[in-house]
Amino acid sequence: MVQLKLPDGSVKEAPAGATPRQIAEGIGKRLAQAAIAAKVDGEIVDLNRELPADGEHSFQILTEKDPDALDVLRHSCAHIMARAVMRLYPGSQLAFGPAGDFGFYYDIESPTPIREDDFPKIEAEMKKIVDKAEPFERFERPTSEGRALCADLKQPLKVEHIDDDLKKYPTLSFYRQGEFIDLCRGPHIPDAGRIGAFKVLSIAGAYWKNDATRPQLQRLYGTAFFTQKDLEAYLHRIEEAKKRDHRVLGKHLKLFTISQMVGSGLILWMPRGATVRGILETFIKDELVKRGYSPVYTPHIGRLELYRTSGHFPYYRDAQFPPMYHRPAAGTLDLCQYRLAMGEIDDKREHEYIEYMRQAHMLPPQYTRETSQSAKLEMIHEFVLVLLRDLQVDLPEYHKATNHMERADALLKWLMEQEGFLLKPMNCPHHIHIYKAEPRSYRDLPVRLAEFGTVYRYEQTGELNGMTRVRGFTQDDAHLFMTSDQVESEMKANIELVLFIFNTLGLNDYRVRLGFRDPGSGKYVGAAEDWDTAEKSLEAVVKGLGMNYTVEPGEAAFYGPKIDFVVKDCIGREWQLGTVQLDYNLPKRFDLEYIGADNAAHRPVMIHRAPFGSMERFMGILIEHFAGAFPTWLAPEQVRILTVSDKFKEYGEKVETQLKARGLRVTGDYRSDKIGAKIREAQLDKVPYMLVVGDKEQSAGTVAVRSRTEGDRGAKPIAEFVEMIEREVSERKLAGAI
RNA sequence: GCUGCUGUAGCUCAGUCGGUAGAGCGCGUCCUUGGUAAGGACGAGGUCCUGGGUUCAAAUCCCAGCAGCAGCUCCA
């Protein structure tokens, strides 16, 4: 016998071998009909799955009302979509088909590509399956038999998955639905008829097992609901959310633009957007000075040597704009040095290198046709010899070298003597040299250097996205140099600063991510013990502040762990905004010191931090957060004066002048339109306050105040309105903002 | 970078079978002078993304490139 503890607290006994369906039937016919799946000890299982034979277990029947049931439904719908695809595109191979927040997807390798035009066909086939309402039947096989079954089904990706990851299990589970059998953990809905509404949404490429070196499959996205009404509500919600898109609003509200001639990923801040940015910058700058920061300015470029020392230039080689060398040969030799130093590399790195060389028009002609890595390196070597000869570079050490590493070193030595510059991808090396410019005592620490520093990174074309992913951006950056004793309090102060900014702006919907290193990856620099210390102190600080957070291995910067504040945009994509990063590495690389109380030299610790992340991304997120309707203190246009007719233009201008004298951002709409039209336009432009002036106001010396959010608020003396709006601005009120 | 889709007026988009280009909004001029989300009339505005190809003829069909969008990979 098994004891099942139901959600209402009662305990139900059932014989060994009972199924959730039988329990549901025992409770009530209606419940049994409504049942989708069951939850046993927190785990969701099929209705037909046998319950544990004995002991006490929590037990719950899931119905449509349960969010968990929707996931089950969607996962089943993914199977149905795959089944439809198998019918329409015989020979398709299936990969993974999970459910997610949005719906579900299935990764498919089909002999003919699936196109958007095919969606109606797929949906029609899915409808046939749903209408037949066949059950999902689970069965298990010993792993070797299961592997053979997948092979029989001509599903090599499933076989590969078993070999890679599932070998450790003694048995594998499958689900059969009609002619369709799929390796799957489950659980599933009882039968296909439970799906009330579904839609195939989109198709995109996705790498097998999320690995860019593996083949790319077609990821077919869809969603499903219990009712048609829910589906329609979802689709409507998506449409509404898209109206908040900062790319759409940025254009309508004239906040920013991007010009092909200037370059993709390079933001042109228009006057209205620049106004908002300026206010944000002043806001944070004032706050930083209060908190003991020292503002600095540094140039947009720096010597390559600087970025070789910091590690940024070699490490992010292909995510940077090309280096600027005076000597023409140097750029090419630099690329060759890069390739020789890489040695034997994987396909992905090789591919990136080829693209890089191709852009520079300097790929040796035979290079791509050669398959062996050593032959490729040899070819680069031959190419270098030609370059050295043709460009008359005298480099005896290169000729003396006996292997590619030595050759790379010889080239590097020469390159380091060449004057070269890099558009700065990071501000830290510049700030480090301000730190180094004078001897530092422990009494001076922490040194906090802050700058709105503009950096340039050559992001991949597919990544560029409005203001949220760009190639030139300004970080509200600062670097803190401190003793290790000061790390925790500085970390804490910085997290509090981020929270202060987020609170001021009403950004409450964020999550906190601790980015730690992935122990299995070689991309990190620095000693393991430094990493351990850094990761531990980060987590201690966050815990101490009582924050909810997730630890994510592999999310660290290459020089240290970090804490990120991540927000979602209007279509649910996550973006990193504020970040606080701990760094034991750069102080070593740049040999930073301070003199301690013991009169000996010590190494400081660094914190990199940017509460906004970048002005561009932050602005993009803020536009979406406020749906373009900025609170009064941020609004590019705070007040618009609307005259009832031409006759009151003079009075309107008088009011305008008075408000401007108080520093308010005010304009006047004195055109000969009707007042309704002017109001409509001001509303669409998201102006917080409209001042309607006509005969009554002119003779009384008042303004009729209309708030964007609250409508007509009646006539007020000008001074009273000014006092009200000034208070709203100084308190940085969010009221009225959406 | 990869897969797919898209590219027509300032914006949003239509454009049939391949036959010299359309709407709404916006903009300009004039009329209108009004009271809390659209007053009216007239008008200007086009490298149909770029470059090739097919054709008597290309916005339309084909190829390449560029840009944007969605997803994947990447992200100091």
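- Residue A/Lys649 is out of contact with every strand shown, counting any heavy-atom pair closer than 4.0 Å.
- Between the side chain of A/Tyr458 and the base of B/G1, no donor-acceptor pair under 3.5 Å is found.
- A/Tyr316 qualifies as a stacking partner of the B/A76 base, centre to centre under 5.5 Å and near-parallel within 30°.
- In this structure, CD of A/Gln460 is placed 11 Å from P of B/U73, rounded to the nearest angstrom.
- If you measure from atom CD of A/Glu463 to atom C1' of B/U3, you get 14 Å, rounded to the nearest angstrom.
- One C1' atom belongs to B/G19, the other to B/C5, and the distance between them is 29 Å to the nearest Å.
- Within 4.0 Å (heavy atoms only), A/Tyr315 reaches no atom of the nucleic acid at all.
- Contact of A/Arg469 with B/C74 (side chain to base): a donor-acceptor pair of N or O atoms is detected under 3.5 Å.
- Counting to the nearest Å, the P atom of B/G68 and the CE atom of A/Met467 are 15 Å from each other.
- At a threshold of 4.0 Å, the pair A/Lys649-A/Glu653 counts as salt-bridged, since one of the basic side-chain nitrogens sits closer than that to a carboxylate oxygen.
- Sparse packing is recorded around CD of A/Glu650, with 12 or fewer heavy atoms of other residues, nucleotides or ligands lying under 6.0 Å away.
- For A/Arg219 and A/Tyr105, the positive end sits near the middle of the six-membered ring, less than 6.0 Å away and at most 45° from its axis.
- Nucleotides of RNA chain B nearest to A/Ser264 and A/His608 differ in position, and the one nearer the 5' end is that of A/Ser264.
- Between the CD atom of A/Glu459 and the P atom of B/C75 there is a distance of 10 Å, given to the nearest Å.
- When Watson-Crick and G-U wobble pairs are counted only if both distances are under 3.5 Å, B/A9 pairs with no nucleotide at all.
- Note on A/Asn465: a side-chain N or O is less than 4.0 Å away from OP1 or OP2 of B/A70.
- Between the CG atom of A/Leu423 and the P atom of B/A76 there is a distance of 19 Å, given to the nearest Å.
- In this structure, A/Lys716 places its NZ atom where more than 12 heavy-atom neighbours from other residues, nucleotides or ligands lie under 6.0 Å away.
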A correct 5'-to-3' footprint of nucleotides 27-36 of chain B, with B, S and - meaning base, sugar-phosphate only and no protein heavy atom under 4.0 Å, is S----BBBBB

Under 3.5 Å, which N/O atoms of the protein pair with N/O atoms of nucleotides 40-49 of chain B?
none

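- Comparing the same atom, C1', in B/A38 and in B/A21 gives a spacing of 28 Å after rounding to whole Å.
- Between A/Arg513 atom CZ and B/C75 atom P the separation is 11 Å, expressed in whole Å.
- Atom NE2 of A/His252 has 12 or fewer heavy atoms from other residues, nucleotides or ligands within 6.0 Å.
- Using the Watson-Crick or G-U wobble rule with both distances under 3.5 Å, B/G19 pairs with B/C56.
- The gap from the C1' atom of B/U60 to that of B/A14 amounts to 14 Å, rounded to the nearest Å.
- For A/Phe558 and B/C74, the CZ to P distance is 17 Å, given to the nearest whole Å.
- Among the heavy atoms of the strands lying under 4.0 Å from A/Ile571 are primed sugar atoms or P, OP1, OP2 only; no base atom is included.
- Each of B/A70, B/G71, B/A76 was ranked by its minimum atom distance to the side chain of A/Tyr221; first place goes to B/G71.
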Pull out every protein N or O sitting under 3.5 Å from an N or O of nucleotides 10-17 of chain B, one pair per line with the distance.
none

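- Which of B/A76, B/G39, B/U73 sits closest to the side chain of A/Ala677 comes down to B/G39.
- Residue A/Gln320 is classed as a base contact, given a heavy-atom separation below 4.0 Å to a base.
- B/G71 and B/C2 make up a base pair, with Watson-Crick or G-U wobble contacts both under 3.5 Å.
- Under the Watson-Crick or G-U wobble criterion, with both distances below 3.5 Å, B/G34 is left unpaired in every strand shown.
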side-chain hydrogen bond (donor to acceptor under 3.5 Å, both in side chains) evaluation trace for A/Thr702 with A/Lys696: CA-CA 8 Å; A/Thr702 58; A/Lys696 281 177 284 185; over 6 Å; no

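- Straight-line distance between the C1' atoms of B/A58 and B/G15: roughly 14 Å, to the nearest whole Å.
- Judged by Watson-Crick or G-U wobble contacts below 3.5 Å, the nucleotide B/C27 has B/G43 as its partner.
- Residue contacts shown for A/Ala557 are limited to sugar-phosphate atoms, with no base heavy atom under 4.0 Å away.
- Cation-pi contact between A/Arg317 and A/Tyr338: present, with separation from the ring centre below 6.0 Å and deviation from the ring axis of at most 45°.
- Across all strands shown, B/G51 forms a Watson-Crick or G-U wobble pair, both distances under 3.5 Å, with B/C63.
- Rounded to whole Å, the P atom of B/G40 lies 13 Å from the corresponding atom of B/G24.
- Using a 4.0 Å heavy-atom criterion, one finds that A/Gln581 contacts the sugar-phosphate atoms exclusively.
- Note that CZ of A/Arg609 and CD1 of A/Ile563 are 13.5 Å apart. Values are rounded to the nearest 0.5 Å.
- A salt bridge is defined here as a Lys NZ or Arg NE, NH1 or NH2 lying under 4.0 Å from an Asp or Glu carboxylate O, and A/Asp334 with A/Arg308 meets this definition.
- Between the CE atom of A/Met261 and the P atom of B/A67 there is a distance of 13 Å, given to the nearest Å.
- Shown here are the side-chain contact (heavy atoms from CB on, under 4.5 Å) partners of A/Arg303, two or more places apart in sequence or in another chain: A/Glu305, A/Phe421.
- At B/U73, none of the side-chain N or O atoms of A/Arg219 fall inside 4.0 Å of OP1 or OP2 (strictly under the cut-off).
- In this structure, A/Arg573 reaches the sugar-phosphate backbone alone: every heavy-atom distance under 4.0 Å involves primed, P, OP1 or OP2 atoms, never a base.
- Evaluated for a side chain to side chain donor-acceptor pair (under 3.5 Å) with A/Asp583, the options A/Lys588, A/His608, A/His479 yield exactly one hit, A/His608.
- Salt bridge A/Lys209/A/Glu160: absent, no basic N to carboxylate O contact under 4.0 Å.
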Contacts table for residues 262-273 of chain A: side-chain donor-acceptor under 3.5 angstrom, sequence neighbours left out:
unit_1, atom_1, unit_2, atom_2, d
A/Trp269, NE1, A/Glu616, OE2, 3.4
A/Arg272, NE, A/Leu253, O, 3.3
A/Arg272, NH1, A/Glu637, OE1, 3.1

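- A cation-pi arrangement is present between A/Arg471 and A/Tyr458 under the rule of less than 6.0 angstrom and at most 45 degrees off the ring axis.
- With both ends at atom C1', the span from B/U6 to B/U32 equals 44 Å, rounded to whole Å.
- Taking the six-membered ring for Trp and the full ring otherwise, A/His161 and A/Phe96 have centroids separated by under 6.0 Å.
- Between A/Tyr316 and A/Phe558, the distance from one ring center to the other falls under 6.0 angstrom.
- Atom name C1', nucleotides B/C13 and B/G7: the rounded distance is 12 Å, in whole Å.
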Filtered N/O pairs between nucleotides 4-8 of chain B and protein, under 3.5 Å:
unit_1, atom_1, unit_2, atom_2, d
B/C5, OP1, A/Arg115, NH1, 2.4

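- Environment of CG in A/Asp101: sparse, with no more than 12 heavy atoms of neighbouring residues, nucleotides or ligands closer than 6.0 Å.
- A gap of 47 Å separates the P atoms of B/G43 and B/G4, to the nearest Å.
- By the 4.0 Å N-to-carboxylate-O rule, A/Arg214 lies too far from A/Asp107 to be salt-bridged with it.
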